[in-house]
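Take a look at the structure below.
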Number of protein chains: 2
Amino acid sequence: METKQHPLLIQILSRGFDPGNEFEDFLSFWKPAEFKKGEHLLRQGEVARFTVFVLSGCLRQYSVNENGQEQIIYFAEENWFAGDLQSMRSRVASNLNLQALENCSVLTINKTNAELVLERFPWWAQLQLAGHQRWMAKLQQQVGQSMIDSAETKYLRLLKDRPKLLQRVPQYQIASFLGISPEALSRIRKKLYTF
Amino acid sequence: METKQHPLLIQILSRGFDPGNEFEDFLSFWKPAEFKKGEHLLRQGEVARFTVFVLSGCLRQYSVNENGQEQIIYFAEENWFAGDLQSMRSRVASNLNLQALENCSVLTINKTNAELVLERFPWWAQLQLAGHQRWMAKLQQQVGQSMIDSAETKYLRLLKDRPKLLQRVPQYQIASFLGISPEALSRIRKKLYTF
DNA sequence: CCGGTTTCTTGATCCAGATCAACGAACAGC
DNA sequence: GCTGTTCGTTGATCTGGATCAAGAAACCGG
C-alpha cells in the first residue's frame with residue numbers, strides 16, 4: 001500500500017494532526033490481521049491483548065448481561081478504532097465482546113507497542129486525547145438520548161448519522177443496537193415507508 | 001490546608017499515581033472557586049472556560065433536548081472531576097449544563113493551565129489517560145444498561161453504587177438521572193420498602 | 001434448483017411506566 | 001409561627017413497545 005494514502009494516515013490527517021515523515025515508523029508498530037465473519041477478536045472475561053484499526057469489514061462490540069441478553073454497544077466500520085483499552089492497559093478481564101460481522105482486515109496494536117507509540121509520537125498522544133474527549137462527549141449524549149427518545153426517534157437519528165450501516169448490518173442487530181425488539185423496528189420501518 | 005492531605009492529592013494517590021514532591025507546584029495551576037446553590041458553572045451554548053475538581057458540595061450535569069426536556073447525565077460529588085473537556089479544548093459550544101445543587105467549593109483549571117500541566121507532569125497525563133479509559137468503559141456500560149434494565153433494577157443499582165447520593169439529592173432529580181418519571185420512582189420505593 | 005436455515009413481517013395480547021390530576025408533607029423566608 | 005412554594009405520594013387512565021406465535025422472504029450450501 002502506498003504510504004501516502006494509507007487509510008490510517010488519512011484518518012490521522014483528517015483529525016487535524018500531522019505525523020510529518022514519521023508515519024512509516026509509526027505504522028511499523030501496528031500488525032495487520034484478518035478475521036473471518038463470525039470470529040471473535042475479544043471475548044467477555046478475557047484480557048484484551050490488542051486494539052484495532054479497521055481497514056475493511058465491520059465489527060460489532062457487545063456485552064451479555066446476567067440474564068443472558070445480548071446488547072450491541074457499537075459497530076466499528078472502516079477507519080474506526082475498536083477494542084477495550086481499559087482491559088488491555090490494566091490487564092483486567094474485559095466485559096466486552098468484539099466480533100467480526102464480515103470478513104475483516106484490521107491493524108492491531110498490543111499493549112507494549114501502544115505504550116511505546118504514545119511516548120514516541122507526541123502527535124499521537126494528542127490525537128488519542130482529543131479522540132477520547134470526543135468519544136466521551138458522544139457517549140454521554142447517547143446515555144441521555146437512549147433514555148429520553150422514542151424508538152422511532154432513535155431509528156431516524158441512526159438513519160441520518162450512519163445510513164450506510166443500515167445497508168450492511170442485519171436488521172435485528174440494528175434493533176439490538178437501538179435497544180428495541182426486532183419486531184418493533186420492523187413496524188417502525190413499515191410505518192415510515194408506507195407514508 | 002495541609003498539602004500532605006489535600007483531597008486532590010489523596011485522589012491522585014488513590015488512583016495509583018505519585019506526584020512525589022511536585023504536588024504543590026501542580027496545585028498552583030488550579031484556582032479555588034465557590035458557587036452558590038443553584039448557580040451555573042457552565043451553560044449549554046457557551047464555551048467551557050474551565051473544568052473543576054469538587055472539594056465540597058454536589059453538582060449536576062444535564063442537558064436540555066429539542067423538546068425542552070431536561071436530562072441529568074451525572075452528579076459530581078466530593079472528589080469528582082466535572083466539566084466539558086471537549087468544549088474547553090476545542091473552544092466549541094458545549095451542550096451541557098453544569099449547576100451547583102448545594103453551595104460548592106471547587107478547584108478550577110482553565111484551558112491554558114490544563115495544557116501546561118499535561119506537558120509538565122507526565123504522571124498527570126498518565127492519570128488523565130487512565131481516567132478517560134475508565135470513564136469511557138463506564139459510560140459504555142451505562143448505555144447498555146439504560147436500554148435493557150427495568151426502572152427498578154436501575155434504582156437498585158444506584159442504591160448500591162452511590163447510597164449517599166440518594167440522601168442528598170431530591171428524588172425527582174434522581175428520577176431524571178435514571179430516566180424515569182418522579183411518580184414511577186415514588187412507586188418503586190414504596191414497593192421496595194413495604195415488603 | 002432444492003431443502004434448510006436465517007431473517008423479516010404481521011397479528012394478538014400484555015404490561016411497565018408515562019401522563020394527568022389532586023392532595024399531603026416538608027421546608028424557606030419573612 | 002404562619003404562608004407560600006417546592007417536593008413527594010397516590011389514584012386513574014393510557015400507550016409504546018415487549019412478548020409470543022406463526023407465516024413469508026431471503027439466503028444459503030451442496
Side-chain angles (χ1 to χ4, degrees), chain A residues 36-39 58 60 62 64-72 75 99-103 143-159 165-195, chain B residues 36-39 58 60 62 64-72 75 99-103 143-159 165-195:
Chain A
K36 291 249 169 62
K37 176 172 179 171
E39 262 188 283
C58 183
R60 69 193 256 252
Y62 68 100
V64 181
N65 70 7
E66 318 79 55
N67 317 325
Q69 301 173 72
E70 267 187 22
Q71 171 67 44
I72 296 183
F75 295 103
Q99 185 187 31
L101 289 178
E102 310 167 357
N103 294 336
V143 169
Q145 290 170 344
S146 69
M147 291 196 293
I148 282 193
D149 294 342
S150 71
E152 184 174 325
T153 305
K154 287 191 271 185
Y155 174 70
L156 286 172
R157 195 199 321 286
L158 186 62
L159 191 59
L165 184 67
L166 305 189
Q167 313 285 92
R168 77 196 292 187
V169 173
Q171 218 166 289
Y172 71 97
Q173 304 231 27
I174 298 291
S176 164
F177 181 57
L178 294 175
I180 64 180
S181 68
E183 293 95 328
L185 180 53
S186 175
R187 288 187 179 107
I188 287 168
R189 302 191 55 197
K190 184 185 181 187
K191 187 191 147 213
L192 290 173
Y193 297 130
T194 27
F195 296 116
Chain B
K36 291 250 169 59
K37 176 172 178 171
E39 263 188 281
C58 183
R60 69 193 256 252
Y62 68 99
V64 181
N65 71 8
E66 317 78 56
N67 316 325
Q69 302 172 73
E70 268 187 20
Q71 172 67 43
I72 296 183
F75 295 104
Q99 185 187 30
L101 288 179
E102 311 167 357
N103 293 336
V143 169
Q145 290 169 344
S146 70
M147 290 196 294
I148 282 193
D149 292 343
S150 71
E152 184 175 326
T153 305
K154 287 191 269 185
Y155 174 70
L156 287 173
R157 194 198 321 285
L158 186 62
L159 191 59
L165 184 67
L166 305 190
Q167 313 285 91
R168 79 196 291 186
V169 173
Q171 217 165 288
Y172 71 96
Q173 304 231 27
I174 298 291
S176 163
F177 180 58
L178 294 174
I180 64 181
S181 69
E183 294 95 328
L185 180 53
S186 176
R187 288 185 180 108
I188 287 168
R189 302 192 56 198
K190 183 184 181 190
K191 189 192 145 212
L192 290 173
Y193 298 131
T194 25
F195 297 116

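Protein chains get the first letters and strands the later ones, always in sequence-line order, with residue 1 at the start of each.
Distances shorter than 4.0 Å separate none of the side-chain N or O atoms of B:Gln173 from OP1 or OP2 on D:dC7. Side-chain N/O atoms of A:Lys190 include none lying less than 4.0 angstrom from OP1 or OP2 on C:dT9.
The interatomic distance linking A:Leu166 (CG) with C:dT7 (P) rounds to 17 Å, in whole Å. Look at NZ on B:Lys191: it is 16 Å from P on D:dG11, rounded to the nearest Å. At whole-Å resolution of the value, OH in A:Tyr193 and C1' in C:dC8 are 14 Å apart. Rounded to whole angstrom, the span from the OH atom of A:Tyr172 across to the P atom of D:dA18 amounts to 17 Å. Rounded to whole angstrom, the span from the CG atom of A:Leu192 across to the P atom of D:dG16 amounts to 14 Å. Note: CE (B:Met147) to C1' (D:dG17) measures 15 Å, nearest angstrom. Counting to the nearest Å, the C1' atom of C:dT7 and the CG atom of A:Leu101 are 15 Å from each other.
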* To do: Walk me through it: do B:Glu152 and B:Arg157 pass the test salt bridge (charged side-chain N to carboxylate O under 4.0 Å, His left out)?
  => CA-CA 9 Å; B:Glu152 184 175 326; B:Arg157 194 198 321 285; over 6 Å; no
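What you find for A:Ser146 and B:Ser146 is that their closest heavy atoms are OG-OG, 3.0 Å. Nearest heavy-atom pair across B:Ile148 and A:Glu70 is CD1-O, 4.3 Å.
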Using a cutoff of under 3.5 Å, can you pull out all pairs of nitrogen or oxygen atoms linking the protein to nucleotides 16-18 of chain C, with atom names and distances?
| unit_1 | atom_1 | unit_2 | atom_2 | d |
| --- | --- | --- | --- | --- |
| C:dG17 | OP1 | B:Ala151 | N | 2.6 |
| C:dA18 | OP1 | B:Ser181 | N | 3.4 |
| C:dA18 | OP2 | B:Ser181 | N | 3.2 |
| C:dA18 | OP2 | B:Ser181 | OG | 2.8 |

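DNA chain C forms stems at C:4-23 with D:8-27, C:25-30 with D:1-6, each a run of 3 or more consecutive Watson-Crick or G-U wobble pairs whose two key distances fall under 3.5 Å.
B:Tyr155 has its side chain within reach of B:Leu192: a pair of non-hydrogen atoms, C-beta onward, lies under 4.5 Å apart. Counting heavy atoms from C-beta on, the side chains of B:Gln173 and B:Leu101 come closer than 4.5 Å. A heavy-atom distance below 4.5 Å is found between the side chains of A:Phe75 and A:Arg60. A:Gln99 is not listed as a side-chain neighbour of A:Glu39, based on a closest heavy-atom distance of 4.5 Å or more. When side chains are defined from C-beta on, B:Arg189 counts as touching B:Gln171, because their heavy atoms get closer than 4.5 Å. A 4.5 Å side-chain heavy-atom check between B:Lys191 and B:Arg187 finds every atom pair outside the cut-off.
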